[in-house]
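Quick notes on the structure that follows.
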2 protein chains.
Amino acid sequence: MNLRERKKRRTRDALLRAALELFATRGYEETTVDDIAAAVDVSQRTFFRYFAGKEETAFFVPRLAETLVVEALRTRPPDEAPLEALRRAVLESWDAINEAVVELVPIELHMRVYRVIESTPALLAAHLRRSAELEEQLACIIAEREGLDVDLDPRPRIVVALFGGVIRVTERLWSAGDDVTLDGMRQLTTTYLDQVGPALAGNWRARPSP
Amino acid sequence: MNLRERKKRRTRDALLRAALELFATRGYEETTVDDIAAAVDVSQRTFFRYFAGKEETAFFVPRLAETLVVEALRTRPPDEAPLEALRRAVLESWDAINEAVVELVPIELHMRVYRVIESTPALLAAHLRRSAELEEQLACIIAEREGLDVDLDPRPRIVVALFGGVIRVTERLWSAGDDVTLDGMRQLTTTYLDQVGPALAGNWRARPSP
DNA sequence: TGTCAACTGTCAGTGGCTGTCACTAGCCTC
DNA sequence: GAGGCTAGTGACAGCCACTGACAGTTGACA
């Protein structure tokens with residue numbers, strides 16, 4: 001790799017880390033782009049040459065994770081049922097995600113930023129839109145696996161919507177709780193996905209929960 | 001109603017209509033707040049006294065609709081199963097929604113704006129966040145109906161997430177298609193909700209779709 | 001009719017973001 | 001290894017959403 005390229009990557013990583021650090025400590029809205037640029041000692045203009053906007057820094061890590069999940073689903077054995085494939089893809093990609101993230105920022109920082117995302121309206125909105133886009137991708141893959149047309153058969157989008165909903169509920173609970181380990185997340189996801197069946201089974205009071 | 005209050009309402013409605021009209025014809029990003037204010041011949045500052053931001057005008061009508069859906073769910077007979085109550089609440093509130101919307105803006109304008117919302121990233125993001133908030137409300141109502149604690153039992157949030165997912169898929173299809181009538185929407189919603197069962201039933205290829 | 005309070009316009013300022021232009025530092029060729 | 005080329009940068013000017021402060025205007029009400 002060139003000196004030039006190395007230098008570029010170094011500034012980008014520095015900007016990224018500085019931004020996330022500031023978001024996590026001071027808050028997103030309270031951090032100006034000038035602050036971030038100043039922390040790395042470059043001009044504001046330079047910041048915008050690396051990131052399309054302030055928002056992009058906050059979602060740099062999540063974007064990585066999404067890529068890996070999509071990849072994981074693509075390589076699932078085609079005989080698995082849709083919901084099963086989704087579940088396994090997510091559960092199994094976490095190791096890869098963890099590995100990739102650590103390269104960029106301390107995992108603990110990422111967690112703090114995630115909480116900021118969930119509690120900042122503008123970021124939460126962006127997060128949900130990104131999730132919607134991811135779900136669209138996943139639906140397409142599912143449809144392809146099953147030999148269906150996403151636009152003709154609603155089922156791929158429906159399963160993915162359901163799945164995405166469960167994941168989002170899980171993420172929120174996970175980031176809010178204390179057990180921020182990988183296994184904790186896996187545990188939570190499995191438990192919640194297992195609740196889908198019961199949740200849809202008619203009147204809950206007829207068969208009380210354990 | 002006072003002359004003052006009437007005047008106020010008139011400016012607000014004028015601003016709202018001007019904004020929506022501009023969004024629908026020129027696009028959201030292409031419309032500045034100054035444009036909207038100028039169209040009604042008030043200062044930009046006045047616009048911000050009526051709406052918290054440009055975004056708020058775009059979601060004025062949807063907000064109304066949400067209120068009515070929540071209300072409809074609250075008055076559903078308590079013996080209905082959760083998913084059933086949600087389905088009926090939505091299906092039945094459309095008449096009320098339609099009625100309330102027409103008071104403010106031509107329904108056809110609202111439809112055009114809805115398409116703008118779905119095709120403008122910033123608005124889509126906001127829309128999804130609003131939906132998430134609505135879903136949280138609905139989950140709480142469901143939980144209350146069933147005598148559960150939303151934070152302890154995941155099922156209320158899961159059904160609502162599933163339901164919300166289906167509604168969103170439906171909305172998108174509806175606004176994209178040609179049949180923008182109320183009955184068309186009801187039809188679509190019913191069809192899609194009926195697909196939920198099959199979508200979750202294991203491997204789809206084992207029992208091919210009709 | 002005069003007083004008060006609500007509503008509005010003007011102005012100045014902040015923060016995100018973009019275009020432009022000149023300049024410097026790394027790269028590549030001769 | 002000197003020179004030109006170009007990617008990367010900083011400085012500056014400007015747009016747009018949004019906010020605070022202050023002054024002027026207009027409806028309400030005694």
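Computed from a predicted structure; not experimentally measured. Just so it is clear: chains get the letters A, B, ... in the order the sequence lines come, proteins before strands, and each one is counted from 1.
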To the nearest angstrom, how far is [X] atom [atom1] from [N] atom [atom2]?
X	N	atom1	atom2	value
A:E30	C:dT14	CD	P	17 Å
B:E29	D:dA17	CD	C1'	11 Å
A:L22	C:dG16	CG	C1'	16 Å
A:R10	D:dG8	CZ	P	14 Å
B:F47	D:dT19	CZ	P	11 Å
B:Q44	C:dC11	CD	C1'	12 Å
B:R6	C:dC7	CZ	P	14 Å
B:D41	C:dT8	CG	P	13 Å

Practice prompt. Scan side-chain atoms only and decide if A:E171 and A:Y114 contain a donor-acceptor pair under the 3.5 Å cut-off.
Written response: yes
Using a strict threshold of under 4.0 Å (side-chain N to carboxylate O), is an ion pair present between [Y] and [X]?
X	Y	value
A:E80	A:R76	yes
B:D13	B:K8	no
A:R87	A:D194	yes
B:E146	B:R155	no
A:R168	B:E135	no
B:R172	A:E136	yes

Discussion item. A cation-pi test, strictly: NZ or CZ of A:R63 under 6.0 Å from the centre of the six-membered ring of A:F59 and no more than 45 degrees from its axis. Yes or no?
Written reply: no
Item to complete: State whether the distance check finds a donor on one side and an acceptor on the other, under 3.5 Å, for side chain A:R45 versus base C:dG19.
Response: yes
Worksheet item: For DNA chain D, what residues of residues 48-56 of chain B have any heavy atom nearer than 4.0 Å?
Response: B:F48, B:R49, B:A52, B:G53, B:K54
Worksheet item: Roughly how far, to the nearest 0.5 Å, is the CZ atom of A:R186 from the OG1 atom of A:T191?
Response: 13.0 Å
Practice prompt. Do nucleotides 24-30 of chain C as a string where each nucleotide becomes B, S or -: B if the base has a protein heavy atom under 4.0 Å, S if just the sugar-phosphate does, - if no protein is that close.
Written response: -SBS---
